[in-house]
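One structure is given here, and the rest of the page talks about it.
Predicted, not measured: the structure shown is a model, and the values here were computed from it.
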Amino acid sequence: MAMDVIDYEIRGSEMQFVEVELDPGEAAIGEAGSMMFMDAGIAMDTVFGDGSAQQGGLFGKLMGAGKRLVTGESLFTTIYSNNARTKQRVAFAAPYPGKILPMDLRQLGGTLICQKDAFLCAARGVSLGIALQRKLSTGFFGGEGFIMQKLEGDGLAFVHAGGTVVRRELQAGETLLVDTGCVVAYTAGVAFDIQYVGKVKTALFGGEGLFFARMAGPGTVWLQSLPFSRLASRVFAAAPQRGGSQGEGSVLGGFGAGGLLGSVLGGDND
């Protein structure tokens, strides 16, 4: 199946969405729950797997769905097809604050490895698979970087990253140490490995974990400043640990539950 060539526009700043324009007969695939709005001429069809040409037959569809299940995604994807005679638009929204990155797979060598929750939508024909890190140490200690998504094809795909995004071009032999959760995506030529931080004291009290992602060129790496896992852990840490609600501005609530002292000592509110 030839890749559909789609036009798009990314709107917004912190909470972005991408608006895709489809010519008659063109289609886009979207992650479950990512659709924001669409024109009336767009037809939706939920398929098993990713709907790419590589998934011909029942066995291929089962394999494609199984790969998505391993990466923590839904077994199904939705195809948005333009069945009208004029151009139609469909929009996909980011799930949390950050940036939407357009990735032209043709210019990236046909393959992109990304975090398992980074994929947002793509042109019809892009294949969604898994990329398992081969080294045993990466499997045991890689955390978020062990099982990643592999996007293949020569079409346009969109991935989402949290916070601010940095693009680094690594030359042959150039190495970058990154927190495993801050890796958004990288091209197929980048070597990914896990490296111990080196010192016991740093590992126990540094707050950065026991291991770094070691990325060696040549290739391109995209990094995010705010991984969703880090955002979720801070929200959970700031939430009341007992039942009921507690207003931040309530003096009585703070005294009654011992929350005033806790807010002073343990909060991030400056």
Side-chain angles (χ1 to χ4, degrees), residues 1-10 16-84 88-96 98 100-106 108 110-132 144 147-162 184-185 228:
M1 179 189 297
M3 308 289 167
D4 286 350
V5 179
I6 59 176
D7 298 319
Y8 71 93
E9 184 177 1
I10 296 176
Q16 294 186 326
F17 69 93
V18 56
E19 191 172 347
V20 176
E21 184 179 80
L22 300 176
D23 292 334
E26 288 184 341
I29 60 173
E31 193 58 81
S34 62
M35 196 274 288
M36 181 179 177
F37 65 84
M38 64 181 184
D39 290 337
I42 298 289
M44 296 175 56
D45 184 23
T46 301
V47 297
F48 205 51
D50 61 17
S52 63
Q54 293 89 330
Q55 293 184 9
L58 178 60
F59 181 75
K61 294 179 180 179
L62 289 174
M63 287 294 292
K67 291 178 180 179
R68 290 178 51 77
L69 187 62
V70 169
T71 58
E73 305 294 345
S74 170
L75 288 173
F76 300 89
T77 52
T78 304
I79 298 179
Y80 301 85
S81 305
N82 182 3
N83 294 336
Q88 301 287 301
R89 287 178 171 261
V90 57
F92 303 91
Y96 51 90
I100 295 176
L101 308 177
M103 300 291 191
D104 190 342
L105 298 181
R106 185 191 304 271
L108 299 175
T111 300
L112 182 71
I113 312 299
C114 61
Q115 284 283 15
K116 57 186 179 182
D117 60 347
F119 173 74
L120 185 64
C121 61
R124 179 176 55 185
V126 172
S127 175
L128 311 179
I130 60 174
L132 293 175
E144 296 165 274
I147 301 177
M148 306 186 78
Q149 283 188 332
K150 180 190 292 186
L151 308 181
E152 295 179 293
D154 59 2
L156 196 62
F158 298 89
V159 299
H160 179 259
V184 179
F228 179 72

- Where do P24 and A84 come nearest, in terms of heavy atoms and distance? CB-O, 3.4 Å

- Do the non-hydrogen side-chain atoms of L108 and M103 ever get within less than 4.5 Å of each other? yes

- When rounded to the nearest 0.5 Å, the distance separating CZ of F17 from CE of M36 is 4.5 Å

- Residues in salt bridge (Lys or Arg N to Asp or Glu O under 4.0 Å) contact with E9, at least two apart in sequence or another chain: R11

- Query: Looking at CD1 of I6 and SG of C121, how far apart are the two atoms once the value is rounded to the nearest 0.5 Å?
  - Reply: 6.5 Å

- Note, I79 side chain near I29 side chain (heavy atom, < 4.5 Å): yes

- Message: Among residues at least two apart in sequence or on other chains, which ones pass ring-ring contact (aromatic ring centres under 6.0 Å, His included) with Y8?
- Response: F158

- Task: Apply ring-ring contact (aromatic ring centres under 6.0 Å, His included) to F37 and list each qualifying residue two or more places apart in sequence or on a separate chain.
- Result: none

- Query: Less than 4.5 Å apart, any side-chain heavy atom of E31 and any of L120?
  - Reply: no

- Task: Would you mind reporting whether M38 and R89 have side-chain heavy atoms less than 4.5 Å apart?
- Result: no

- Which residues pass the side-chain contact (heavy atoms from CB on, under 4.5 Å) test with N83, sequence neighbours left out? A43, S81

- Item | Where L105 and G153 come nearest, the two heavy atoms and their spacing | CB-O, 3.3 Å

- Answer yes or no: is there a side-chain heavy-atom contact under 4.5 Å between N82 and I42? yes

- Message: Just to verify, what does D45 make a side-chain contact (heavy atoms from CB on, under 4.5 Å) with, not counting sequence neighbours?
- Response: V47

- Message: Are the side chains of L151 and V159 in contact, using a 4.5 Å heavy-atom criterion?
- Response: yes

- Query: About how many Å separate CG of D154 and OG1 of T111, when rounded to the nearest 0.5 Å?
  - Reply: 11.0 Å

- The reported gap from NZ in K150 to CG in L128 (rounded to nearest 0.5 angstrom) is 12.0 Å

- Message: Pair M148, Q115 - check side-chain contact (heavy atoms from CB on, under 4.5 Å), show working.
- Response: CA-CA 5 Å; M148 306 186 78; Q115 284 283 15; 4.0 Å; yes

- Query: Measuring from D39:CG to Q88:CD, what's the distance to the nearest 0.5 Å?
  - Reply: 4.5 Å

- Kindly say whether Y96 contributes a backbone atom to a donor-acceptor pair with the side chain of H160 at under 3.5 angstrom? yes

- Note on the structure: Across all chains, not counting sequence neighbours, the side chain to side chain donor-acceptor pair (under 3.5 Å) partners of Q16 are none

- Message: Can you give me the closest heavy-atom contact between F92 and I100, atom names plus distance?
- Response: O-CD1, 4.3 Å

- Query: From Y80 OH over to L22 CG, what is the distance, rounded to the nearest 0.5 angstrom?
  - Reply: 11.5 Å

